[in-house]
Amino acid sequence: MRRVAVARGEQEQPHPVDLDVGSHLKLATSAIGRAYLAGLPDRDRADLMAKLAAREGEAWPAMEAGIAAALKDFRALGFVVSAGDWKREVNAVGVPLAIGTGGLAFALNCGGPAFALPAERLRSDVGPKLKRTAQAVRGALGL
């Protein structure tokens, strides 16, 4: 199960994040996937996690632990972190973005090379800014 990237920002220097619009990212290990899961109603998240468990097999316990840590971060901080979980050399932060009351769930994320975005910077700087960005988007939509 994966999320699809629909937009992307770039920087001038080369970096190990090889994503383009339409790229697929794993729900269980990517910041955007974990943010999406955090934004789902409990029942929907449980259903989706059962499907992930069946699909991922032996890899599931480690993935489930990462999701549990992300959900704990979300409850405490309002965002999730994936530090080397999707790709060892990539760190990212994500926030859910619920639109309307019809169950439309989206997520925003910001990530990059681990050397440029250490986990502590994601938690202290980037995560709070991304959380405010999601709030601004919801505000601009009148939600």
Side-chain angles (χ1 to χ4, degrees), residues 1-100 103-141 143:
M1 311 245 166
R2 303 174 186 273
R3 298 296 297 158
V4 176
V6 295
R8 163 185 182 192
E10 294 188 33
Q11 60 185 15
E12 295 288 325
Q13 62 190 21
H15 53 83
V17 183
D18 187 23
L19 290 177
D20 208 345
V21 172
S23 293
H24 292 242
L25 293 97
K26 283 192 165 235
L27 284 176
T29 57
S30 68
I32 199 162
R34 291 175 175 176
Y36 174 79
L37 288 167
L40 290 176
D42 291 342
R43 183 176 178 163
D44 293 346
R45 182 173 46 254
D47 290 347
L48 188 50
M49 288 186 60
K51 291 176 185 173
L52 285 168
R55 183 180 192 139
E56 297 296 343
E58 291 180 14
W60 177 244
M63 291 177 170
E64 184 178 32
I67 293 169
L71 294 174
K72 183 178 177 183
D73 280 345
F74 177 69
R75 287 189 292 275
L77 305 170
F79 56 86
V80 304
V81 174
S82 174
D85 298 327
W86 173 63
K87 285 187 175 182
R88 187 178 69 248
E89 67 277 6
V90 176
N91 290 344
V93 64
V95 295
L97 182 62
I99 305 293
L104 290 176
F106 299 92
L108 303 175
N109 83 304
C110 179
F115 67 83
L117 284 176
E120 182 50 43
R121 182 172 174 210
L122 291 174
R123 291 182 188 284
S124 66
D125 180 34
V126 181
K129 287 177 181 174
L130 191 62
K131 181 180 168 183
R132 288 192 298 273
T133 299
Q135 292 166 339
V137 169
R138 287 183 48 78
L141 294 172
L143 303 173

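All figures in this text were calculated on a predicted structure; none of them were measured in a lab.
Residues F74 and K131 fail the side-chain proximity criterion, which asks for heavy atoms closer than 4.5 Å. Using a 4.5 Å heavy-atom cutoff, the side chains of M49 and I67 are in contact.
Within the structure, salt bridge (charged side-chain N to carboxylate O under 4.0 Å, His left out) contacts touching residues 37-46 (residues at least two apart or in different chains) are D42-R45. Residue pairs meeting the side chain to side chain donor-acceptor pair (under 3.5 Å) criterion with at least one partner in residues 121-130, sequence neighbours excluded, are D73-R123, D125-K129.
Taking every heavy atom of both residues into account, L40 and A105 meet most closely at CD2-CB, 4.1 Å. Nearest heavy atoms, P96 versus A134: O-CB, 4.2 Å. In terms of heavy-atom proximity, W86 sits nearest to S30 at CB-CA, 3.9 Å. For the pair A92 and N109, the tightest heavy-atom approach, listed with the atom from each and the gap, is CB-ND2, 4.1 Å.
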Cut-off 3.5 Å, no hydrogens considered: what does the side-chain donor-acceptor table look like for residues 77-85, sequence neighbours left out?
unit_1, atom_1, unit_2, atom_2, d
S82, OG, T29, O, 2.7
D85, OD2, R34, NH1, 2.9
D85, OD2, R34, NH2, 3.4

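Residues forming a side-chain contact (heavy atoms from CB on, under 4.5 Å) with R75 (at least two apart in sequence, or on another chain): L71, K72.
Note: F115 CZ to E89 CD = 10.5 Å, rounded to the nearest 0.5 Å. A distance of 11.0 Å separates SG in C110 from CG in N91, rounded to the nearest 0.5 Å.
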